[in-house]
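A short worksheet on the structure shown next.
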Amino acid sequence: MDSPAPPLPAPAGLTGPALGEALVDWFAGAARDLPWRRPDTDPWAVLVSEVMLQQTPVARVEPVWRAWMARWPTAADLAGASPADVIRAWGKLGYPRRALRLRETAVALVERHDGSVPADVTALEALPGVGTYTARAVACFGHGQPQPVVDTNVRRVVARLVHGRAEALPARVADLADVAALAPADPTRAVRFSVAAMELGALVCVARSPRCDACPVRRSCAWRLAGSPAADGVPKRVQRFAGTDRQVRGRLLDVLRAAHEPVAATALDRVWADAVQRSRCLDSLLADGLVEQTPDGRFTLPT
Ligand code: SF4
């Protein structure tokens with residue numbers, strides 16, 4: 001089957017909010033149908049999705065998010081869960097400290113906000129595990145507030161589209177103002193713009209080989225107009241996973257997730273041959289509160 005024709009590009013010479021308007025128009029036809037974007041999604045569900053999506057692709061997050069929300073539909077539900085259940089439900093999403101942090105966030109929401117998710121960015125940022133990005137994403141996508149929402153994808157889009165650079169600079173305070181300067185004046189469209197910019201970075205203006213021929217704002221893109229200059233400095237190396245401490249930690253946790261009672265050290269020894277690396281990873285899991293040692297020297301998920 002022929003692939004669909006790329007969308008007609010917006011006119012050349014757009015700047016500021018006119019660029020944001022063009023992205024909102026493009027998003028109306030290009031948006032992925034993701035469950036946390038549906039109109040009936042509440043701010044708690046958005047918060048859960050944002051924490052899961054940090055460093056983890058949509059395809060892996062979606063089934064875990066669905067199961068998680070079915071089990072713990074409110075912050076109060078999650079606050080009452082055991083750490084072990086939360087780590088088990090996190091499954092293979094990676095960076096499992098996020099699971100414990102999310103539970104801590106739920107406890108704080110119950111204690112400080114009667115279980116609801118505040119709309120105020122400052123109150124959101126005061127929650128454990130909620131930073132600049134997540135606070136604005138929840139205020140914007142969960143509460144419908146126009147907010148500049150700046151993740152890695154958006155910084156890359158702005159670097160190319162506005163500044164004519166192949167890559168984003170390291171995160172800086174000015175990123176928020178850069179993105180706010182592109183937002184449409186209408187509040188509803190400004191909210192749509194925030195998610196549209198993220199979508200463009202995820203689907204079209206991707207890190208390697210941007211799909212400029214499919215880009216709705218290609219005629220106004222500073223990087224394209226400058227002749228697509230190469231990035232400064234050395235190319236970034238792709239992070240490997242095999243053999244890393246992350247892989248070892250994941251294997252150790254797999255054993256404990258599957259066990260219904262504490263396991264002896266010998267059961268953990270079998271998952272990784274390098275004793276020094278295995279021991280280092282087990283120590284780090286203990287330090288992170290993801291694993292506990294029982295008085296008789298066995299290991300278990302935290303109770
Ligand atoms: S034209 Fe290419 S580089 Fe410019 S914003 Fe679109 S996808 Fe990104």
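First listed ligand is number 1; within each ligand, the first listed atom is number 1. We number each residue from 1, following the sequence as shown.
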Taking 2.8 Å as the limit, list every protein N, O or S atom around atom 2 (Fe) of ligand 1, by chain and residue number.
Cys212 SG

Among Glu50, Glu125, Gln54, which residue meets the side-chain hydrogen bond (donor to acceptor under 3.5 Å, both in side chains) test with Thr134?
Gln54

Check side-chain hydrogen bond (donor to acceptor under 3.5 Å, both in side chains) between His113 and all other residues, then give those that pass, not counting sequence neighbours.
none

Go through the structure and list residues passing side-chain hydrogen bond (donor to acceptor under 3.5 Å, both in side chains) with Thr41, not counting sequence neighbours.
none

Residues that Asp151 engages under side chain to side chain contact (heavy atoms under 4.5 Å, CB included), provided they are two or more places apart:
Tyr133, Asn153, Val154, Met198

Under 4.0 Å between a Lys/Arg side-chain N and an Asp/Glu carboxylate O for Asp254 and Arg257?
yes

Is it true that Arg172 and Asp178 make a salt bridge, defined as a side-chain N closer than 4.0 Å to a carboxylate O?
yes

